[in-house]
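For reference, the structure is listed below as structure tokens.
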Amino acid sequence: MEELEKDPRIAQKIKRFRNKQAQMKHIFTEPDEDLFNPDYVEVDRILEVAHTKDAETGEEVTHYLVKWCSLPYEESTWELEEDVDPAKVKEFESLQVLPEIKHVERPASDSWQKLEKSREYKNSNQLREYQLEGMNWLLFNWYNRKNCILADEMGLGKTIQSITFLSEIFLRGIHGPFLIIAPLSTITNWEREFRTWTEMNAIVYHGSQISRQMIQQYEMVYRDAQGNPLSGVFKFHVVITTFEMILADCPELKKIHWGRWKDILTHGRFKWHLNEKDMEMICRALLVYCVKHYKGDEKIKSFIWELITPTKDGQAQTLQNHSGLSAPVPRGRKGKKTKNQLLLPELKNDWLATCNPEVVLHDDGYKKHLKQHCNKVLLRVRMLYYLKAEILGEAADKAFEGTPARELDVPLPDIDYVEIPVDWWDAEADKSLLIGVFKHGYERYNAMRADPALCFLEKVGMPDEKLLSAEQGVTDGASDVPERPHR
């Protein structure tokens, strides 16, 4: 009992135990009544502040957008200042201060020093002797640029050792961001321990599409006075998520260029673990195969060939050979043949050898399907490039950073809006559609509608969650075009 009383976290543990005990008792004795979780009225985080004037008195009124404990972000509500915990307001205000951007290198291996005694962490927490040994070992390997695995029996504090290890790095001036990938059942415990032991701002990236969009909007980046995201600095120090979320989402955690191998890899939901090089090889092989069987305009074939040929320095290139690509092209598979047709070079170059579709693509059924639709695949790739290079320009990169469409300068032709899809359709909707196609891909209308940076969410609201989820996971061949390669 004396050992338990020495543990500064014992009160929290007893509280959690009693809450669970009460829940179990309620479940087995009162099955007809809904259990009310007291966490639902406890402030978890404050996401935003709004200042308005009372219509009657003219006095300024302050509201805070509150995320409640144990509830998802999408159930956040606006609350009056007097109804919000002042400590949470202070915590929110501290996170709004843009930190000084200072790059700190990892220290040299010979500068490592073993901590003989646990420092006092937040809430006067201290590591036990064996936990200090584990944390020292993690820190030693980090100093020496060695990967490692911390293994021990359950309940001995591996999570705390890992968190204090990151805290030590943080105290050395390296403020992340750090990525924690954990099983779904443990991510709330990770968040709780970060708050208990450290001053680092740890967020959980999980939940529905709406919740994740709110996290991206309020928790991830700093914004200027106009609401535009500031590049190069994150608002959080730690993001906690699951492996499934990494595969399915997290657009804010990767840098995207035209090739967008990370984007394809993230959204592909592949059965095998692929890296970016694998993804690049597969995409090039798909397009080489499509060029080989393409029956349309030779300009398109020449353009695609130039596009998929890697540059010597490995960087993205701006292609000059796309003049005239705004003109309509034949869409049938039996395009008119010309005398000077592009002939594929023999597969002798290094990149062609590694991207040979006859070696990379093993599924004959898929190759047959791809051959039937190769014209449409190449036309979509061509139009996406044209959309970026000739229409969006600099706005393309800003769109990926989260800048609202209404703030982007996208030239549009003078259009007589007579025959329009719906009554509210206007030039702003046209601009959002162009940006949405480039950000989300062809025919991903539910994703465009759910994107807060476009105008559709405000005009028509969120799409059906099932339709949105189905659209995000299109891998069943429902579309007549292989959706993944077009990106």
Side-chain angles (χ1 to χ4, degrees), residues 39-55 59-99 101 175-177 188 191 194-195 199-241 245 249-253 398-408 432 449-459 461-462:
D39 284 353
Y40 294 169
V41 292
E42 183 177 340
V43 177
D44 181 10
R45 302 173 70 90
I46 295 177
L47 308 180
E48 186 60 282
V49 61
H51 302 285
T52 58
K53 286 190 176 181
D54 188 281
E59 295 180 354
E60 185 176 90
V61 180
T62 301
H63 287 82
Y64 289 102
L65 181 59
V66 174
K67 180 196 176 296
W68 303 98
C69 290
S70 302
L71 287 175
Y73 277 84
E74 63 186 283
E75 295 192 34
S76 301
T77 58
W78 288 96
E79 304 294 333
L80 287 168
E81 181 179 15
E82 53 264 33
D83 296 331
V84 180
D85 182 356
K88 293 295 183 180
V89 173
K90 186 177 180 180
E91 180 183 305
F92 165 75
E93 290 174 345
S94 68
L95 291 174
Q96 306 315 302
V97 179
L98 183 66
I101 302 174
H175 292 175
T188 53
E191 181 188 27
F194 265 107
R195 292 189 184 186
E199 298 293 344
M200 289 188 280
N201 180 26
I203 64 171
V204 172
Y205 190 92
H206 197 268
S208 68
Q209 176 79 3
I210 301 174
S211 290
R212 299 198 305 273
Q213 286 177 348
M214 290 185 68
I215 295 169
Q216 292 171 24
Q217 182 176 354
Y218 297 113
E219 299 276 44
M220 286 197 163
V221 295
Y222 290 94
R223 298 179 184 272
D224 59 23
Q226 288 71 42
N228 300 318
L230 300 177
S231 60
V233 58
F234 289 100
K235 187 183 287 188
F236 62 87
H237 301 125
V238 182
V239 61
I240 306 164
T241 189
M245 277 290 106
D249 207 3
C250 277
E252 296 295 327
L253 300 182
K398 292 180 180 178
F400 274 123
E401 293 171 358
T403 303
R406 63 179 177 276
E407 298 175 14
L408 297 176
S432 286
R449 181 173 163 181
D451 190 338
L454 307 180
C455 73
F456 307 122
L457 182 61
E458 180 181 348
K459 291 182 179 294
M462 279 294 295

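Side chains are part of it too, since the values below use all heavy atoms of this structure and drop only hydrogens, waters and symmetry mates.
- Scanning all heavy atoms of the two residues, the minimum distance from L457 to D451 falls at CB-O, 4.1 Å.
- Between the side chain of H237 and the main chain of N201, a donor-acceptor pair closer than 3.5 Å is present.
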*Dump the intermediate steps for side chain to side chain contact (heavy atoms under 4.5 Å, CB included) on D224 and L230, then the final yes or no.*
CA-CA 7 Å; D224 59 23; L230 300 177; 4.0 Å; yes
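- For the pair K235 and Y218, the minimum side-chain heavy-atom distance is 4.5 Å or more.
- For W68 against T77, the heavy-atom pair with the smallest separation is NE1-OG1, 2.9 Å.
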*Determine, step by step, whether Q213 and Y73 satisfy the side-chain hydrogen bond (donor to acceptor under 3.5 Å, both in side chains) criterion, reporting the C-alpha distance in whole Å, the side-chain angles of both residues, the deciding distance to 0.1 Å, and the verdict.*
CA-CA 9 Å; Q213 286 177 348; Y73 277 84; over 6 Å; no
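- We find the CD-OG distance between E74 and S211 to be 4.0 Å, quoted to the nearest 0.5 Å.
- Atoms CD and CG, from E407 and N228 in turn, are 4.5 Å apart once rounded to the nearest 0.5 Å.
- When every heavy atom of F234 is checked against every heavy atom of P177, the shortest pair comes out as CD1-CG, 3.5 Å.
- Put simply, the side chain of E81 reaches to within 4.5 Å of the side chain of Y64, judged on heavy atoms.
- For the atom pair CD (E75) and OG (S70), the distance works out to 11.0 Å, reported to the nearest 0.5 Å.
- Considering CG of L65 and CD of Q217, their distance stands at 9.0 Å, rounded to 0.5 Å.
- To the nearest 0.5 Å, atoms CG (D85) and NZ (K90) are separated by 11.5 Å.
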*asked:* Please evaluate residues F236 and M220 with respect to the criterion side chain to side chain contact (heavy atoms under 4.5 Å, CB included), reporting the C-alpha separation (whole Å), side-chain torsions for both, the decisive distance (0.1 Å), and the verdict.
replied: CA-CA 6 Å; F236 62 87; M220 286 197 163; 3.9 Å; yes
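- A donor-acceptor pair under 3.5 Å is formed between the side chain of R449 and the backbone N or O of G461.
- Shown here is E458, whose CD atom has no more than 12 heavy atoms of other residues, nucleotides or ligands within 6.0 Å.
- Closest approach of P229 to R223, counting heavy atoms only: CD-NH1, 3.5 Å.
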*For L80 and H63, run side chain to side chain contact (heavy atoms under 4.5 Å, CB included): C-alpha distance rounded to whole Å, both residues' side-chain angles, the deciding distance at 0.1 Å, then the answer.*
CA-CA 5 Å; L80 287 168; H63 287 82; 3.3 Å; yes
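- In this structure, H206 NE2 and M245 CE are separated by 4.5 Å, a value rounded to the nearest 0.5 Å.
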_Check against side chain to side chain contact (heavy atoms under 4.5 Å, CB included), I46 and E79_ = CA-CA 10 Å; I46 295 177; E79 304 294 333; over 6 Å; no
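- Of the possible polar contacts, one joining the T403 side chain to the K398 backbone as a donor-acceptor pair under 3.5 Å is found.
- At least one donor-acceptor pair under 3.5 Å links the side chain of K67 to the backbone N or O of L71.
- Counting heavy atoms from C-beta on, the side chains of H175 and P99 never come closer than 4.5 Å.
- In the displayed structure, E60 atom CD is contacted under 6.0 Å by more than 12 heavy atoms of other residues, nucleotides or ligands.
- C455 and S432 make their closest contact through N-OG, 3.1 Å (heavy atoms, listed as atom of the first residue, atom of the second, distance).
- For E219 against I203, the heavy-atom pair with the smallest separation is CB-CD1, 4.0 Å.
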